[in-house]
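Values reported hereafter were calculated over all heavy atoms of this structure, with side chains retained and with hydrogens, waters and symmetry mates removed.
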Amino acid sequence: LKMSRQFIEKLMDSLSYEDFTIIKLMEEIHEIEQEIKLKKSALHNRMALLRRILQKNENAETRVAIESFLLKIEDDKKYAILMENSDENAEADGNAKVEEHKEDPAEPEAKQSDMADN
């Protein structure tokens with residue numbers, strides 16, 4: 001899609017710095033997600049190939065090396081997932097606590113009047 005220079009300049013003039021920043025962040029996030037998908041696919045393919053080699057290989061030392069490598073990788077992946085979930089839960093808990101501590105401006109007066117009644 002080719003845009004005229006005038007159109008681009010007009011578009012740039014109408015965008016605020018915040019709008020431009022948001023667009024760039026979204027673009028970068030999309031690119032990173034695509035890279036992650038490609039790397040996950042490459043990782044999956046290589047792990048599958050290594051497992052096939054493990055099944056066919058008869059050398060005990062090689063088998064032990066491959067098995068220990070696969071176990072370490074799987075443990076690392078489990079740990080990373082665990083930490084990711086932990087971070088997400090902590091963030092959600094933090095947001096919930098912030099919401100819990102927000103007081104209604106009228107609430108302190110109500111508490112004081114309750115105390116005065118007792």
Side-chain angles (χ1 to χ4, degrees):
L1 179 67
K2 234 179 184 181
M3 293 187 237
S4 72
R5 185 172 178 82
Q6 290 175 332
F7 176 76
I8 292 172
E9 287 175 3
K10 184 178 178 184
L11 182 62
M12 293 301 290
D13 288 340
S14 67
L15 290 176
S16 70
Y17 286 114
E18 184 178 11
D19 293 337
F20 183 73
T21 301
I22 290 167
I23 291 168
K24 290 304 289 179
L25 285 170
M26 290 169 57
E27 180 182 36
E28 289 173 2
I29 289 168
H30 178 72
E31 288 173 3
I32 292 168
E33 283 182 325
Q34 294 304 313
E35 289 174 18
I36 290 170
K37 285 179 185 176
L38 286 172
K39 289 187 183 225
K40 280 184 176 181
S41 175
L43 178 64
H44 177 75
N45 290 338
R46 285 165 177 77
M47 295 287 283
L49 180 59
L50 197 53
R51 285 187 182 96
R52 276 187 253 135
I53 291 170
L54 176 64
Q55 290 173 351
K56 294 179 182 179
N57 195 299
E58 295 178 14
N59 183 323
E61 287 180 33
T62 304
R63 291 182 61 80
V64 168
I66 293 172
E67 288 170 347
S68 62
F69 176 80
L70 289 173
L71 286 172
K72 183 181 179 340
I73 293 295
E74 288 170 3
D75 285 346
D76 289 348
K77 284 171 48 178
K78 287 177 190 172
Y79 178 77
I81 290 169
L82 225 166
M83 292 308 294
E84 185 177 306
N85 290 340
S86 172
D87 289 345
E88 288 172 2
N89 290 339
E91 185 177 311
D93 289 346
N95 290 339
K97 288 177 184 169
V98 168
E99 292 297 319
E100 287 174 13
H101 293 306
K102 286 185 180 177
E103 290 187 15
D104 183 5
E107 206 173 283
E109 293 170 11
K111 286 181 183 176
Q112 287 177 357
S113 67
D114 288 345
M115 292 173 80
D117 291 342
N118 291 336

Identify each donor-acceptor pair in which a side-chain atom of residues 59-66 lies under 3.5 Å from a protein atom, sequence neighbours left out, and give them as a table.
unit_1: N59; atom_1: OD1; unit_2: E61; atom_2: N; d: 2.9
unit_1: N59; atom_1: OD1; unit_2: T62; atom_2: N; d: 3.3
unit_1: R63; atom_1: NH1; unit_2: L54; atom_2: O; d: 2.3
unit_1: R63; atom_1: NH1; unit_2: N57; atom_2: O; d: 3.1

side-chain hydrogen bond (donor to acceptor under 3.5 Å, both in side chains) involving [X] - partner list, sequence neighbours excluded:
X: D75; result: none
X: E74; result: R51
X: N45; result: none

Legend entry - Distance in Å, H30 NE2 paired with L25 CG, rounded so as to fall on 0.5 Å steps: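 CG of L25 is found 14.5 Å from NE2 of H30.
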
Legend entry - Nearest-0.5 Å distance that lies between atom CD1 in I73 and atom CG in L43: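 Atom-to-atom, I73:CD1 and L43:CG are 7.5 Å apart.
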
Inset, instruction - If you link ILVMFWY side chains whenever their heavy atoms are less than 4.5 Å apart, which other residues fall into the same cluster as M26? By chain and number, please. - result: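 Answer for M26: I22.
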
Inset, instruction - Supply the members, apart from L71, of the Ile/Leu/Val/Met/Phe/Trp/Tyr cluster built from side-chain contacts under 4.5 Å; use none for a lone residue. - result: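 L71 shares its hydrophobic cluster with no other residue.
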
Would you please name every residue forming a side-chain contact (heavy atoms from CB on, under 4.5 Å) with [X], sequence neighbours left out?
X: S16; answer: E18, D19
X: L49; answer: R52, I53
X: I32; answer: I36

Inset, instruction - Can you run down the salt bridge (Lys or Arg N to Asp or Glu O under 4.0 Å) pairs that involve residues 20-29, sequence neighbours left out, and say none if there aren't any? - result: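 Listed by first then second residue: K24-E27.
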
Inset, instruction - Just grab all the salt bridge (Lys or Arg N to Asp or Glu O under 4.0 Å) pairs involving residues 29-39, residues at least two apart or on different chains. - result: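 Pairs touching residues 29-39 that pass the test: none.
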
Inset, instruction - Identify, with sequence neighbours excluded, every residue that meets salt bridge (Lys or Arg N to Asp or Glu O under 4.0 Å) alongside K56. - result: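 Partners of K56 under the salt bridge (Lys or Arg N to Asp or Glu O under 4.0 Å) test: none.
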
